[in-house]
Amino acid sequence: VAAEDGANVNGRETVSLNGEPVVKRPRVSHDSSLRIPKEPHNKVTVVLGAQWGDEGKGKVVDLLAMDADIVCRCQGGNNAGHTVVVDSVEYDFHLLPSGVLNKKALSFIGNGVVIHLPGLFEEAQKNLQKGKGLQGWEERLKISDRAHLVFNFHQAVDGIQEQQRQQQEGKNLGTTKKGIGPAYSSKAARNGLRVCDLVSDFKVFEDKFRMLAEHFLTMYPNLNLEVDSELAQLKGFAERLGPLVTDGVYFMHQALNGPSKKILVEGANAALLDIDFGTYPFVTSSNCTVGGVCTGLGVPPSYVGRVYGVVKAYTTRVGVGAFPTEQKNETGELLQTRGREFGVTTGRKRRCGWLDLVLVRYAHMVNGFTAIALTKLDILDTVSEIKVGVAYKLDGEPLPSFPANMDVLTRVSVDYETLPGWCCSTESARSFEELPLKAQIYIRFIENFLQVPVKWVGVGKSRESMVKLY
């Protein structure tokens, strides 16, 4: 029987199979602490929409951003809209993180975001004219070099595609026509262009840009392209953009593993608009559930800490698509009027209905909410009887889960629980105990159904109107 390589046989050291003498290897000391899993030094706190968007995420982010060190956007583009009121000034954000109003915090636009540069700089300019909140924004904004760019022809294509859907099927998706879908399509087709391309060799970027424009022109011969003028505009943006661009993965790694920091992630859109888990095809083009935080920032899952779901005290939806608890009646009109339900990005009137807890529970299944922020409770102040959707039925049979098929969702009937309204103002309340008893019952009903605590309740427009319950 042959001895093992280097084995000691009868007190004599063997040679290796190739005849060379065996070299004794010293024992390597091993740091046993490496085998003990390390708890992340810093974790990100995430704020996500739990319905179809427009839940008031900006207000919650603004509240948490007051003492944050870094505020991040991880997905979407300027199809999203957050309204934040500070010192009686109303700021509208679409691409900039709402936390940019905190002059002590860094704002970060991650690789999962698609950026329309004219829109970004125009947004900053408009908000600068409203008040002092945005002064010095370029000094406290960082943008991932891996973020994809939205071009003007992406926006033009978005409009053409909506027009085609209307002609072919008689219904469109209700997109914002901001070019978000076509930009993510370019990303998936691997012919998209990123921030790192723009701020590198502009001649190489120009060649790729012309090829991409030609690609869309081949598909849409009627597309109105102004390639030279857009390139000139982009060259100017490249100079302004340069100082803001950073390696996003390294930036987040340093933030997570460096000194103690409060890091906030601001989700755009909402769970039921997620490309995978939303009411497809009437959804957005990105993952706006918690998984999008990891892929959109380059953050490992173990670094995700608290996940707050923002839930409006009733339900709204912009555009087309199934909406089981929609109220096409006086109740819907009351909610729309009192809630001033118009889209921040498009100005479109929002459809309104009762709170759908089947839908919110489904969002919780996907996201694992730590707690809920319940917004716009004050809009229900004048309603004498409040209904809450608690189950779906199809042809009289209960549905065990939220349906994937939208044809099914349009046919479901909703089982409601009816709760008494409080019929008085909640706007001055600053604690749970100061809320009317029937409003407290409404909140506890939501908590018990979802098995998730409600941490904040919104009873007005300003950040001070977010009542912290615990």
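Proximity of a side-chain donor or acceptor of T315 to a complementary backbone N or O of D356 within less than 3.5 Å is detected. Judged by distance alone, the side chain of E266 and the main-chain N or O of S98 form a donor-acceptor pair under 3.5 Å. Here the side chain of K187 pairs no donor or acceptor atom with the backbone of R194 at under 3.5 angstrom. Here the side chain of N367 pairs no donor or acceptor atom with the backbone of F369 at under 3.5 angstrom. Side-chain atoms of S144 come within 3.5 Å of backbone atoms of R146 as a donor-acceptor pair (strictly under, hydrogens ignored). Judged purely by atom type and a 3.5 angstrom limit, Y184 uses its side chain to pair as donor or acceptor with the backbone of G76. The backbone N or O of H253 sits less than 3.5 Å from a side-chain atom of N257, completing a donor-acceptor pair. Without hydrogens or angle criteria, T325 side chain to W354 main chain gives a donor-acceptor distance under 3.5 Å. In this structure, R317 contributes its side chain and F323 its backbone to no donor-acceptor pair below 3.5 Å. Formation of a donor-acceptor pair under 3.5 Å by the S286 side chain with backbone atoms of C288 is not found in this model.
Summarising the geometry, atom CD belonging to E434 is positioned 7.0 Å from atom OG belonging to S428; distances are rounded to the nearest 0.5 Å. Rounded to the nearest 0.5 angstrom, L335 CG and R338 CZ are separated by 9.0 Å. Distance check: K261 NZ to Q254 CD gives 9.0 Å after rounding to the nearest 0.5 Å. Rounded to the nearest 0.5 Å, atoms NZ (K103) and CZ (R140) are 5.0 Å apart. With values rounded to the nearest 0.5 angstrom, N191 atom CG is found 5.0 Å from S186 atom OG. We find the CG-CD distance between L48 and Q75 to be 8.0 Å, quoted to the nearest 0.5 Å.
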Original post:
Can you list the steps and then say if D69 with K104 is a salt bridge (charged side-chain N to carboxylate O under 4.0 Å, His left out)?
Top reply: CA-CA 7 Å; D69 298 297; K104 294 178 183 175; over 6 Å; no
**OP:** Begin with the C-alpha distance, continue with both residues' side-chain angles, and end with the deciding distance and a verdict on side chain to side chain contact (heavy atoms under 4.5 Å, CB included) for R430 and V459.
**Re:** CA-CA 9 Å; R430 290 299 175 264; V459 291; 3.8 Å; yes
**OP:** Evaluate side chain to side chain contact (heavy atoms under 4.5 Å, CB included) for W137 paired with S107, printing each intermediate quantity in order.
**Re:** CA-CA 9 Å; W137 68 276; S107 288; over 6 Å; no
Original post:
Which is it for S260 and N42 under the side chain to side chain contact (heavy atoms under 4.5 Å, CB included) test, yes or no, and what are the steps along the way?
Top reply: CA-CA 6 Å; S260 180; N42 298 317; 4.1 Å; yes
**OP:** Apply side chain to side chain contact (heavy atoms under 4.5 Å, CB included) to the pair L272 and F277, showing each step before the final yes or no.
**Re:** CA-CA 6 Å; L272 274 294; F277 302 109; over 6 Å; no
Original post:
What do the steps show when you test E123 against K126 for salt bridge (charged side-chain N to carboxylate O under 4.0 Å, His left out), and what is the final call?
Top reply: CA-CA 5 Å; E123 175 185 328; K126 280 184 178 177; over 6 Å; no
Original post:
How far apart are the C-alpha atoms of D158 and K178, what are their side-chain angles, what is the distance that settles it, and do they pass the salt bridge (charged side-chain N to carboxylate O under 4.0 Å, His left out) test?
Top reply: CA-CA 7 Å; D158 204 350; K178 296 289 183 182; over 6 Å; no
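Counting heavy-atom neighbours within 6.0 Å of M211 CE, excluding the residue itself, gives a total of 12 or less. Annotation: Y280, atom OH; neighbour count of heavy atoms from other residues, nucleotides and ligands within 6.0 Å does not exceed 12. Around CD of E226, the count of heavy atoms belonging to other residues, nucleotides or ligands within 6.0 Å does not exceed 12. Crowding of E139 atom CD: a count of heavy atoms from other residues, nucleotides or ligands under 6.0 Å not exceeding 12. Residue-environment remark: NZ (K43) exceeds the threshold of 12 foreign heavy atoms within 6.0 Å. In this structure, R361 places its CZ atom where more than 12 heavy-atom neighbours from other residues, nucleotides or ligands lie under 6.0 Å away.
Of the N and O atoms on the side chains of S465 and K461, not one donor lies less than 3.5 Å from an acceptor on the other residue. Side-chain N/O atoms of N111 and H148 include no donor and acceptor closer than 3.5 Å. Looking only at atom types and distance, the side chain of E55 has no donor-acceptor partner in the side chain of T375 under 3.5 Å away. Judged purely by distance below 3.5 Å, without hydrogens or angles, the side chains of N79 and T284 pair a donor atom with an acceptor atom.
Closest non-hydrogen pair, V89 versus K130, comes out as CG1-O, 3.6 Å. When all heavy atoms of L377 and T426 are compared, the pair lying nearest together is C-OG1, 4.5 Å. Pairing each heavy atom of N269 with each of K57, the nearest pair is O-NZ, 3.0 Å. Of all heavy-atom pairs between D62 and V85, the closest is OD2-O, 4.3 Å. Taking all atoms of both residues into account, the shortest heavy-atom contact from D274 to D276 is OD1-N, 2.8 Å. The minimum heavy-atom distance linking E239 with P243 is given by the pair O-CD, 3.5 Å.
Separation of the F445 and Y442 ring centroids does not fall under the 6.0 Å cut-off. With ring centers used as reference points, H154 lies under 6.0 Å from F151.
Between D145 and Y250, every side-chain heavy-atom pair lies at or beyond the 4.5 Å cut-off. Within the 4.5 Å cutoff, the side chain of F237 has no heavy atoms near those of the L120 side chain. Residues F209 and E230 have side chains in contact (heavy-atom distance under 4.5 Å, counting atoms from C-beta outward). Between Q51 and L355 there is a side-chain heavy-atom pair separated by less than 4.5 Å. A heavy-atom distance below 4.5 Å is found between the side chains of K177 and E162. Looking only at side-chain heavy atoms (C-beta outward), R210 and D228 come within less than 4.5 Å of each other. Annotation: side chain of L435 is not in contact with side chain of W422 (no heavy-atom distance under 4.5 Å). In this structure the side chain of F108 never reaches within 4.5 angstrom of the side chain of R73, judged on heavy atoms.
Residue pairs meeting the ring pair (Phe, Tyr, Trp, His ring centres under 6.0 Å) criterion with at least one partner in residues 284-315, sequence neighbours excluded, are Y308-W456.
Applying side-chain contact (heavy atoms from CB on, under 4.5 Å) to P97 and the options L141, V113, L106, V61 leaves one that passes, L141.
Remark: D87 does not engage K132 in a salt bridge, criterion side-chain N to carboxylate O under 4.0 Å. Ion pairing of E341 with K376 is present here, as a side-chain N (NZ or NE/NH1/NH2) and a carboxylate O approach within less than 4.0 Å. Checked for salt-bridge contact, E138 and R240 meet the test: a charged N lies under 4.0 Å from a carboxylate O.
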